[in-house]
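For reference, the structure is listed below as structure tokens.
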Amino acid sequence: MTRVFACFPLGLGCLLPACGDPVPDATVATLGPEDPNVPQGPSHRPGQPCILCHQTGGGARAFSLGGTVYADVASQKVVGGVSVFVLDTAKATFSTTTNCAGNFFVPTEQFVPTYPIWLTLRAGTIQRDMASPAYREGSCAGCHTSPLGPSSPGHVYVIEDPTVDILPANPQCP
Amino acid sequence: MTKSAATRFSRASRLCASLALCGCSADVQNTDGQQNASLARPARLGFEPVADAMQLHCGTLDCHGQIGRNMRLYGLYGLRQSKKDDPLNQPTSPAEYDADYLSIVGLEPEAMSKVVQHKAAPETLSMIRKPLGIESHKGGQLMVQGDSLDRCMVGWLVGAMDAQSCNKVVQTPRPRLDGGP
């Protein structure tokens, strides 16, 4: 059994976090194992729906929002140093910055937005506003999956046209 | 089983299957309302502005723009019907408006019929109660009585289409980080 609560009586730890809810547990299982070259932490699992595990009772530190920012719609290059601004329906704002894995996250102890929310990315002089609000999904990858298709606008990206816009240099993320 | 008995059994099975399928077909026709003239529905003609307004507030990919969700909506900024389309680049197609219409009128056909015939209040419908916050709604309260979205949806339901309110919903700019509207 892989559920955390089922392991406690045996005094064993479990490798996979589990909610005890079969639907998210099954979804988490589809994400596969950790990349052995990336330690568990702020840089792990880029492009995956963070809140599946990073929610109250989800087996990992709870986030209200989380995602990964890529260079452009077709690129698999992640971008660090991008400012992520969240504006909620109560006009409350929160900002954070992507790390070198392109990941950003908002711990629930810092900010829990009132939905709907609007997100904006800024990298140097480039600003990208989300075209429509999010009404309930805290994981960017809950909707923004790759590739672009009928059920997804593609992953979250900064540059609309790579032949025109150039990302600012970021020496912290070689 | 002899060959002739097997043949008779096979014919009987096909006959039963055919009869069963006829029954299913009749049920489907009744379910989508085509054969049931006693149920009134809001107009399909002029529905597009209503769909556009609902798409922005209800049909995003994290809500009713998802496979598996009831009142599934298709269109710009949400789920697309055509494999060639994506959420951000093609306007809502006529086929998507048709699908949205059928999705909405199929939710509570009897209750909706009463509203359309002015025999019941619009708030008797889940599609109005939920966004008003009268009934539990995972997506929260999305409108208040008398605002543009409410006037848009209710106007359409009761035959007093208010395209101006629908357009206002669509044209309202997103809030600005610097404290704008």
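Each chain gets a letter, A, B and so on, in the order its sequence line appears, and its residues count up from 1.
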| Any cation-pi pair here, R80(B) with Y74(B), using under 6.0 Å and within 45°? | no
| Do you know which of G154(A), A131(A), G149(A) has the most heavy-atom pairs with chain B at a distance under 4.5 angstrom? | G149(A)
| Most heavy-atom pairs under 4.5 angstrom with chain B, which of L119(A), T93(A), V86(A), T114(A)? | L119(A)
| request: Walk me through it: do C50(A) and C140(A) pass the test disulfide (SG to SG under 2.5 Å)? | output: CA-CA 8 Å; C50(A) 322; C140(A) 296; over 6 Å; no
| said: Nearest 0.5 Å, please: how far is CG in N70(B) from NE2 in H64(B)? | reply: 5.5 Å
| task | Could you check which of K138(B), K83(B), Q81(B), Q66(B) has the highest count of heavy-atom pairs closer than 4.5 Å to chain A? | result | K138(B)
| Most contacts with chain A, counted as non-hydrogen pairs under 4.5 angstrom, among C63(B), G65(B), G139(B) | C63(B)
| note | Bottom line for Y115(A): the part with an atom under 4.5 Å from chain B's heavy atoms is neither
| task | Name the region of L142(B), side chain, backbone, both or neither, that has any atom closer than 4.5 Å to a heavy atom of chain A. | result | side chain
| field | Proximity breakdown for L88(B) and chain A, heavy-atom pairs closer than 4.5 Å | value | side chain
| request: Look at the rings of F47(B) and W156(B) and say which category their plane angle falls in: under 30° parallel, 30 to 60° tilted, over 60° perpendicular. | output: tilted
| query | Any Lys/Arg nitrogen of D62(B) or R136(A) sitting under 4.0 Å from an Asp/Glu carboxylate oxygen of the other? | reply | no
| request: May I ask you to decide whether R44(B) forms a salt bridge with D98(B), counting only side-chain N to carboxylate O separations under 4.0 Å? | output: yes
